[in-house]
Amino acid sequence: MEAVHPHILRHAFAKNLLDTGTDLIAVAALLGHESPYTAAIDTKPQFSDLASSIEKGENG
């Protein structure tokens, strides 16, 4: 089991917001970032997210 640290919780929070359709600019503001580019780094997709996107594209 992976240890839970504040950064992991922050990442999960931000990624959950993006996964449910929240705009990246809003996520950046909620995280306290001045730039959405910084928020994008914090919410970098995992390999499974990328694979899921490809599957959706093939089936859609």
Query raised in the report: Quick one: CD1 on Ile25 to NE2 on His33, what's the gap to the nearest 0.5 Å?
Result: 13.5 Å

Report task. For residues Ala39 and Leu24, report the shortest heavy-atom separation together with the two atoms involved. Result -> CB-CD1, 4.0 Å

**Report entry** Thr20 side chain to Asn16 backbone, donor-acceptor under 3.5 Å
**Finding:** yes

Query raised in the report: Do Ser35 and Thr38 come within less than 4.5 Å of each other through their side chains, counting heavy atoms only?
Result: yes

Requested in this report: First locate atom OG1 of Thr22, then atom NZ of Lys15, and finally report the distance between them rounded to the nearest 0.5 Å.
Outcome: 12.0 Å

Query raised in the report: Does Leu31 reach the side chain of Val27, with side-chain heavy atoms less than 4.5 Å apart?
Result: yes

